[in-house]
Q: 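Mind looking over this structure? Questions follow.
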Amino acid sequence: MPWDLIIFYMLAAVCIAAALGVVVATNPVHSAIFLVLCFFNVAGVFVMMGAEFLAVIQVIVYTGAILVLLLFVLMLVNPDDLPEFHQGKPVQRVVGGLLGLILLLEIAIAILNREVVGVTGTATPEAIAAVGGNTQAIGRLLFSDYLLAFEVVSLVLTVGVIGAIVLALPERLGEKVVQRKGTISLGHARGVDMEALGEGTPEGEAPILSGRGGFAKASGGRKLVMTNDPDEYTGA
Amino acid sequence: MNLDLSLDLISPVWRLTTPQLIVFFLALVLLMLDAFLPKAKHFTVLTAVSIGGYAAAIVALYWQHDKNESTFNGLFRADGLTVFLSLILLCAAILSVMTSASYVDRLEGRMPLGEFYVLLAFSILGALLVASAGNLIMIFVGIELSALATYVLAAFAKRRATALEGAMKYFLLGMFASALLVYGMTWVYGITGSTDLDQIAAHLQGVVTGSESRQPEILFALLLVVVGLGFKIAAVPFHMWTPDAYDGAPTPVTGFMSVAPKAAGFAAILRLLVQGLGPLRDDWYLLIAILATLTMIFGNLVAISQRNVKRMLAYSSIAHTGYMMVGLAAYNSASGEGRFVSLAGDTAQSDPGITSLLYYLFAYAFVNIGAFAVITWVQHRGRGMLLEDFAGLGQTNPLAAFAMTIFMVSLMGVPPLLGFYAKYYVIVAAINADLLWLAVAVVLASALSAYFYLRVVAVMYFSAPSRELRATSTPLLNAGIALMAVANVALGLFSNQVLDLADFWSGAMTVAQAVASR
Amino acid sequence: MADYLILIPLLPLVAAIINLLLGRTVTRGKAHLVSVPAVAGSWFVSLLVLRDIWNTEHAIEQKLFTWIPSGSFNVPVNLYADQLTAVMLMVVTSVGLLVHIYSIGYMHGDGAYYRFFAYLPLFVFSMLMLVLADNYMIVFFFWEAVGLCSFLLIGYYYKRRSAGNAAKKAFIVNRVGDLGFGLGVIMIFWTFGTVNFWGPEGVFARVGDFGQTTITVIALLLFTGAIGKSAQFPLHVWLPDAMEGPTPVSALIHAATMVTAGIYLVARSNALFQASTTAMLVVTCIGLFTAVMGASIAITQNDIKRIVAYSTVSQLGFMAFALGTGAWMAAIFHLMTHAFFKGLLFLGCGSVIHGMHEEQDIQKMGNLRKYMPVTFLTFLIGSLANAGIFPLAGFWSKDEIIVGAWISTVFPNFGKVVTVLAFAAAFMTAFYMFRLVFKVFFGKENFDTEHVHPHESPKTMTGPLVILAVATILIGFVGFPPEDGKFHHFIGTVFESHAGEATHAMASVAVHNDGGALAVMAEEGEHGGHHVSLAMTITFGVISSVVAIGGIFLAYLYYIRRSLSAEATAARFNGLYNFLYNRWGFDTLYQERIVAPLMRLAYFLWQVIDVKVIDGTVNGIAKGTLSASQTLRKVQTGVVSNYALAIALGMVVIIGIYLVGFSSLDVPFLR
Amino acid sequence: MGELGVEHFLSLSAALFIIGMMGVLIRRNILIIFMCVELMLTAANISLIAFGWQMHSLDGQVFVLFTIAIAAAEAAVGLAIILALSRRVHTVDVAEIHELRD
């Protein structure tokens, strides 16, 4: 067995194991760490296919940026809010697993019967080496053929930043301090449990939404916070 | 694409991209204005700049309208489809600005208007880029740009848990579908060796000719793409995010979401499925037809039992996706008789199926945004969006009720309104394509839909008003509603002109195919 | 050049829309400020059109857009104005404008003032589009539209039960005619493959390509529409009832414009009718019968508006048989003059009713000339014109019709019979008109002078009366000298060109049919209609004057000198009187023989078929749908994992089916 | 399978894709679902590079670059949505977040 094959199998095995770890780990932090492990191995696989640049990107962007971000969010989310794993819904798991297996079969058919192969390009290892390596070659493509897409991706990242700021920025300071109370019908989907504006329930009767607990099954045992005060929906 | 060993930077034809550039600069200008303009002037200036920008882009479309060229090494195409879809998207953008300005500025705890407009512009820009894409990568990047901005818009009322919930579902499933789409595109790339749509078509044409059955990898690639794009346009059974995301989003955003991302999804379908995978038409048309039937029937059926008008319209928009897919299924049938259009020197036969789909999208923008605008209008006046909240609107506010009636009846497809013509052309296209059963399904589904559309009308006119509406001044929103109501009547009469425009794309496509087969 | 053509229908449409949308809130009592200028503008543009056509002698066209383009069936919406259209435009806009002005005074203070001033321009718009259309489909569309406007306006006082019934009656009776027209349009499309009037592929140019039977059927179907709209026997019953609407409406729609749509349609389709002698015969017979019947009924009626309404029916009959005898120009001439003097009469009636505080029974009037001199004078002029007294409008046109019948080459001998009966109708016309005048304006007051104080109407009402009276006096002279006036030269080209086109077709038909009459007529057609000697013109002028004066004199004997007693005559000819008084029994006949059985059938269908069978099924389906809907909505669990599961399931199933069913796979365990 | 071929990489890609999909279907923690989607995207990336490797084409690698960039942007937005949501409803369990349904 050639060495590259052995290396591939090792990388692949760790990769798949780590991926499974992501899915089954009880603690989300463990999942994240498994994911890092998996991505490191994927970067190794990239190198095997001559995509050194992408391997580096994979490590820097995924493990360096995305996963750190993810871990931050994990930390920001109250640990009490995390659901325990293996809690009910076995049907979902069985069906999910079954679908996965069937899809595996289908993909396997597609891979193993593969006959139609696209036209061969000119980016042979020798040609790439002549340009100065993988990074050089990709750079050239990126700034010639794919210039427009490259520019548009910069916009995508801009939108990502704007969106993250808009959504994650905490609202007015008061909101964090003041316990939220009162619910609202305006803009609310069901409008059933919500009283109308203006003629609403007296303040004392409005359910006090504090932390968690108490509030029936609609929110899965948790409280749904709609608004600070009724007026903020009406611009009054 | 081949690797060019010498580094020669391309010199793109910028003039072809004028409308897209205008929207791009609009977004940047809005961003700057938002940062540096005094808060008091935000509403007027930003709204005016937005509408002006989109209007300028529409004007700029005029110089694109007879082109059939590509630039940026084939990444960007300026042809009939680009123009027509851009027209739809820019109209939708203007209408969305008109209907959402006061809502965003006043309701749900005063959302930041500047960011809203910026995201709207980026969402439109993404969709515009999909419409003009000539490459798998551009389709993907454009769709994601549009979707990303829309995720944020859907979550824009972040004080309301339901808005975030809807956005979360939209986002997670959107990414899931994106993964399927990318995987599908991966396979398309794998079997053709190119990401350029024309080359994909040319390569597939070679593979497909002379073989009755398909290699599994081709089917696999095709079906993954269909699933990924089916999600974007909300076709059953990939539709389930729609009602929740639409329900949760701020109402004017819902109107926008039901049109622009859907148009972007159909643009991607037209580019990828029709232009790129067109040679596989015989493989996908039946699937599309069956999905269309499921979509129409499911959407209309579930809409019947909704008491929340907004949610009802969400289901109805699923059904309308189904009608549009009928036009898609009728694509390139042997027996179809198209009209001849002349385009950039080439005379080509248009495709009635695609033409009807494009016309439907166009009509749909004016009807659906309008319907959501009336809900917005009611919310401005301190009411919710349940059926009961519309009770007696006919007596208290006859004009609003009249507008809503127009929109409902138009959605139902009653002549001589815009919605009727849209459905009419779709049905004609289906019949021309020998898909008689599909045409019958459209008619049956429409009959089903009468129940819940007319119920809104009935509630408005025959129920006693339960509560006084609060007086609120929303001139821009009123103007928008009036505009759309008039357009529903007027554009129906001038459907031929719109149809001519739509024909450009169908013509352009056959030209492209002729070029590809040369 | 002709881009202003669109303005003619557009202005009233805009006015209608403004008043419909903003009437309740903005325009309210000032609604006429929107409508009147709009119609005036439309009138002015029509004048320009008339001038242009007059000068250039060419038709004006304006292409708008294509409506419903799909395959071979496409309907262009184009405006087309030739000489005939120009005349119709002038009639519609002139009378329309005057009626608008008149309505300012007449409708003053009405609760839904704006609604009236929305419907009225809407009607004007539809009518203008009808005459401007250049294909049968659009004509049919606006044919229905004018019907709808008429329905809305007859039922304008919708709180009055009789108004509602009259509106319904007009609507239903017209449906019968419209059904025929609709079938005609379909048949035209089948036969010709197009519905367009003009052009080498148009209907008129290719009449000769098809067999005579086909053309006859088409022509008769079209005429069915005309029967309904122009109130010809046997569908005339709706018109007198339509008088329930406000009087200006009666003047505009039910005297001057809408009812002439049928005449216009036949005249417009003259190429079709000329190709079929049978159709011409039918038109003549029905027109003649209607003329005599309408006049005879009018003699006995007592409701002032009803008399004028039956007079309208009768005059429409005149026009119809003029068409049938091939006197096309005379028919259109009479259409035009009639529009003015009948409009005048109706507005005069309105003025009388207004002055008498909504009294319509002529038995309860009398000596009104003392109280309302302007109305009296103008009404007198209208009556004289209607009776056909020299030199008023009615004289010229009616005389021409009669001469046309006499010399008709379509049916040479039958034409003489027609002439005699036409004289009888003319005699009755003079009689009933002056019976009306004498009873209303002369004699002694038959009303309670203590409580009823007749008064002259306001200026906005008398103004139009005066204008119309002047027009009634003068309009006849456009047709002077008879048969060869300016009017004839102007409009003659319309019928000439088609006659020319039809000639060849007919010549070939004539060979087969050995139809001498047709050949003669075809030859005549080449020269543009009749050629009448001066002597004959004068002779007929004298005869018809004598007949008219005789009718007036008889009325004078009965109602002024009272040397003859109306009551005694009525008692003597009791049966005849009752027969006429009950309007030949048509209303009763229809009620008993048609409406009642239909109602019974409908009741049966409703009670047995509908309630038991259909409703049961429908309810069952509805219930099933609802429960399906309720079940399916539960699929939407709200849990995002389930949604993802649906996507994945859909994907896996679709891929599976495709791989098994459509792929080239040759894996044993899959095949 | 004597030699390292494209099928090896494609199979690895398929395995990761399916594990990711199963994770999306089974797990209830939004954050983990998110990670699983990233896993699916990575799987697609492997395929892209593998196809390009086979056909001597660099387009696949460029595509991957864009995918990664977009995944990063989506992560920012998505995590912001999740963060805002968890502040409101105090849970990241999808089974509990079903206020919008039917």
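Quick note on labels: first sequence line is chain A, next is B, and so on, each numbered from 1. Keep in mind that the numbers below use all heavy atoms, side chains included, and drop hydrogens, waters and symmetry copies.
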Q: Run the side-chain donor-acceptor check on residues 171-191 of chain B: report pairs under 3.5 Å with partners two or more places apart or on a different chain.
A:
residue: Ser178(B); atom: OG; partner: Glu144(B); partner atom: OE2; Å: 2.5
residue: Ser178(B); atom: OG; partner: Gly174(B); partner atom: O; Å: 3.1
residue: Thr186(B); atom: OG1; partner: Val182(B); partner atom: O; Å: 2.7
residue: Tyr189(B); atom: OH; partner: Ser57(D); partner atom: OG; Å: 2.7
residue: Tyr189(B); atom: OH; partner: Gly60(D); partner atom: N; Å: 3.0

Q: Can you tell me how far CG of Asp244(B) sits from CD of Glu99(D), rounded to the nearest 0.5 angstrom?
A: 10.5 Å

Q: Spell out, as yes or no, whether a donor-acceptor pair under 3.5 Å connects the side chain of Lys169(B) to the backbone of Leu100(D).
A: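 Checked: pair present.
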
Q: Return the minimal non-hydrogen interatomic distance between Ala161(B) and Arg88(D), and the atom names on each side.
A: CB-CB, 4.2 Å

Q: What residue, out of Val77(D), Val37(D), Leu48(D), Ile33(D), has the most heavy-atom pairs lying under 4.5 Å from chain B?
A: Leu48(D)

Q: So which residue, Glu74(D), Met40(D), His56(D), ends up with the most heavy-atom pairs under 4.5 Å with chain B?
A: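 Counting heavy-atom pairs under 4.5 Å, the top option is Glu74(D).
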
Q: For residues Ile137(B) and Val62(D), report the shortest heavy-atom separation together with the two atoms involved.
A: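 Shortest heavy-atom separation between Ile137(B) and Val62(D) comes out as CD1-CG1, 4.4 Å.
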
Q: Write down the atom of Leu85(D), the atom of Glu165(B), and the distance for their closest heavy-atom approach.
A: CD1-N, 3.6 Å

Q: Can you tell me which portion of Ile70(D) sits under 4.5 Å from chain B's heavy atoms? Options are side chain, backbone, both or neither.
A: side chain

Q: As an exercise, state the distance from CD1 of Ile97(D) to CE of Met168(B), rounded to the nearest 0.5 Å.
A: 4.0 Å

Q: Using non-hydrogen atoms and a 4.5 Å limit, figure out which bit of Gln54(D) sits close to chain B: side chain, backbone, both or neither.
A: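 Contact with chain B is absent: no heavy atom of Gln54(D) under 4.5 Å.
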
Q: What part of Ala75(D) lies closer than 4.5 angstrom to a heavy atom of chain B: side chain, backbone, both or neither?
A: neither

